[in-house]
Amino acid sequence: MLWKLVSAAIKDNNSLIKAKFSRKDSCRNYDLEAAIIKVTSHDNYVIDRRNAQIVFSWIRASSISLRPFVWALSKRMEKTRSWVVALKGLMLMHGVLRCKVPAVQNMGRLPFDFSDFTDGHSKLSKTWGFNAFIRDYYAFLDKRAALSYDQHNQKAQHRYPLMLQGLLNVQNLQFLLGLLLKVRPLADNMNVGLIIEAMNCVTVEIFDVYSKICNEIAKVEYYGTPTNANELPTVTQILEEDVQQKLERIANGDSDKTCRDIGFVENDKMAKDLTKENLIDAIVGQIDKTKVSGLETIITDKWVVFYENLNVNGIKNINTVAEETAGKDLNLIPIYHYEILDLINF
């Protein structure tokens with residue numbers, strides 16, 4: 001056991017020395033590369049959070065740091081056969097993806113492949129649980145990075161309508177949640193600090209993805225609500241003068257249905273200007289409009305006219321109405337007080 005720790009420490013020191021004296025180019029940043037090596041050390045009892053924060057700070061500070069980060073991490077992950085280094089690399093990659101940097105979202109899939117990872121330093125009977133854990137963790141992170149890339153491009157291009165985009169997001173997030181739920185310890189020998197730390201990251205991600213699913217469903221329900229302006233009722237503003245007249249009529253005891261059912265006189269001025277011929281024409285027009293096939297009763301507080309000469313098709317003898325109204329001063333008749341109490345159709 002001791003010799004494994006010593007061998008791991010020697011490997012990490014050799015990696016730091018090589019990074020320091022290697023050829024300088026645009027793809028390499030020694031400070032960033034050294035922090036990555038320390039974070040992904042072979043010691044399964046130590047989690048270097050300080051250097052992890054240094055890596056995150058580099059990524060947030062400038063998008064230029066993403067290229068040397070991808071290069072250094074991918075080189076180290078491709079060479080390793082240790083489940084400890086592989087798991088630490090996945091946790092570091094998970095933290096970078098959660099930095100919410102546009103350059104990271106546009107990165108696409110992970111720069112390395114752990115889909116068939118197998119630890120090469122111990123027997124398979126002891127490491128199969130760790131191998132499965134790393135494969136499932138990698139599958140989730142790879143899919144998460146790919147979805148971030150797709151969503152970033154879709155928003156930029158406005159490829160789909162909002163409601164359809166929301167449904168697609170729900171589907172992708174549900175698939176992502178299914179991958180997350182597969183990331184769990186399967187063997188009895190996996191009760192170690194590094195696995196517990198990784199499960200903390202996974203648990204936080206589960207709640208985050210579930211929250212996003214709820215938000216997307218709420219958006220889809222909102223987009224699905226009809227918002228056609230033609231379906232909305234038209235609201236007419238009531239003028240202050242109309243309100244004042246209405247209140248005065250109520251105070252005077254006048255009926256609120258005055259002239260509303262007759263429909264051809266609206267105010268006192270129109271009533272005074274109404275002549276005998278206009279009255280007859282208005283009555284005829286009103287009867288033709290309603291097409292009453294029975295009796296029509298009109299009640300006023302001054303006089304009453306019974307239309308006994310009406311048939312089914314309208315007025316049989318309109319002169320009768322003219323004769324009954326002859327001799328009366330129509331200008332004095334309060335026509336705006338007429339009310340139709342009922343229209344009976346037989």
Side-chain angles (χ1 to χ4, degrees), residues 1-22 28 30 32-55 68-97 109-145 179-180 182-203 205:
M1 185 65 181
L2 182 60
W3 71 267
K4 288 185 178 181
L5 295 177
V6 173
S7 175
I10 293 175
K11 289 181 179 179
D12 293 336
N13 288 331
N14 290 336
S15 297
L16 290 172
I17 294 173
K18 289 180 180 179
K20 185 175 182 179
F21 294 101
S22 61
R28 307 190 70 169
Y30 171 73
L32 182 59
E33 191 171 350
I36 292 173
I37 294 173
K38 293 177 182 179
V39 172
T40 59
S41 65
H42 288 75
D43 190 353
N44 63 332
Y45 297 102
V46 177
I47 300 174
D48 196 339
R49 292 185 174 85
R50 177 178 175 276
N51 281 285
Q53 291 300 324
I54 292 176
V55 174
F69 165 79
V70 170
W71 186 90
L73 184 63
S74 60
K75 288 295 182 181
R76 186 163 177 80
M77 294 298 103
E78 289 172 357
K79 294 179 180 180
T80 188
R81 298 292 305 277
S82 170
W83 71 265
V84 176
V85 176
L87 183 55
K88 288 183 176 181
L90 290 175
M91 293 171 61
L92 180 62
M93 193 74 224
H94 194 178
V96 171
L97 291 176
R109 301 185 62 179
L110 299 189
F112 51 89
D113 186 7
F114 278 165
S115 58
D116 58 348
F117 176 83
T118 301
D119 185 87
H121 300 286
S122 300
K123 296 180 180 180
L124 184 60
S125 59
K126 295 181 179 181
T127 60
W128 69 268
F130 298 99
N131 296 337
F133 189 91
I134 291 173
R135 292 172 183 175
D136 292 336
Y137 198 7
Y138 166 79
F140 157 70
L141 291 176
D142 188 55
K143 185 63 176 180
R144 188 188 192 279
L179 293 177
L180 267 172
K182 293 181 181 179
V183 184
R184 61 185 186 276
L186 301 177
D188 296 334
N189 62 338
M190 297 182 67
N191 188 17
V192 295
L194 191 57
I195 295 294
I196 296 174
E197 185 70 19
M199 285 304 301
N200 290 337
C201 299
V202 171
T203 303
E205 191 72 26

Considering all heavy atoms of both residues, which atom of [X] and which atom of [Y] are nearest to each other, and what is their separation?
X: Pro185; Y: Ile195; value: CB-CG2, 4.3 Å
X: Glu197; Y: Met91; value: CG-CE, 3.4 Å
X: Ile134; Y: Leu87; value: CD1-N, 4.2 Å
X: Ala19; Y: Ile37; value: CB-CD1, 4.2 Å
X: Glu33; Y: Ala72; value: CG-CB, 3.8 Å
X: Ala187; Y: Gly129; value: CB-CA, 4.0 Å

Considering only heavy atoms from C-beta outward, does the side chain of [X] approach that of [Y] to under 4.5 Å?
X: Thr127; Y: His121; result: no
X: Pro68; Y: Tyr30; result: no
X: Leu73; Y: Val55; result: no
X: Tyr45; Y: Val192; result: no
X: Met199; Y: Phe133; result: yes
X: Phe114; Y: Leu141; result: no
X: Asp119; Y: Trp128; result: no
X: Phe69; Y: Met93; result: yes

Can you measure from [atom1] ([X]) to [atom2] ([Y]) and round to the nearest 0.5 angstrom?
X: Leu97; Y: Leu92; atom1: CG; atom2: CG; value: 10.0 Å
X: Trp71; Y: Arg28; atom1: CH2; atom2: CZ; value: 3.5 Å
X: Ser74; Y: Lys79; atom1: OG; atom2: NZ; value: 10.0 Å
X: Leu186; Y: Met190; atom1: CG; atom2: CE; value: 6.5 Å
X: Met77; Y: Ser82; atom1: CE; atom2: OG; value: 9.0 Å
X: Ser41; Y: Asn51; atom1: OG; atom2: CG; value: 9.5 Å

Look at the rings of Tyr138 and Phe112 and say which category their plane angle falls in: under 30° parallel, 30 to 60° tilted, over 60° perpendicular.
tilted
Sub-3.5 Å donor-acceptor pair from the side chain of [X] to the main-chain atoms of [Y], do we have one?
X: Lys88; Y: Asp43; answer: yes
X: Asn131; Y: Thr118; answer: no
X: Asn44; Y: Val84; answer: no

Just do the side-chain contact (heavy atoms from CB on, under 4.5 Å) check on Val202 and Phe140 with the steps written out, would you?
CA-CA 10 Å; Val202 171; Phe140 157 70; 6.0 Å; no
Between [X] and [Y], is there a side-chain N and carboxylate O pair less than 4.0 Å apart?
X: Asp136; Y: Lys182; result: no
X: Glu205; Y: Arg144; result: yes
X: Arg76; Y: Asp12; result: yes

Ser115 and Asp113: side chain donor to acceptor below 3.5 Å:
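Indeed, the side chains of Ser115 and Asp113 share at least one donor-acceptor pair under 3.5 Å.
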For salt bridge (Lys or Arg N to Asp or Glu O under 4.0 Å), just list the numbers for Arg109 and Asp142, CA-CA rounded to whole Å, side-chain angles, deciding distance to a tenth of an Å, and then say yes or no.
CA-CA 5 Å; Arg109 301 185 62 179; Asp142 188 55; 2.6 Å; yes
Give the intermediate values and the outcome of side-chain contact (heavy atoms from CB on, under 4.5 Å) for residues Cys201 and Tyr137.
CA-CA 11 Å; Cys201 299; Tyr137 198 7; 4.0 Å; yes
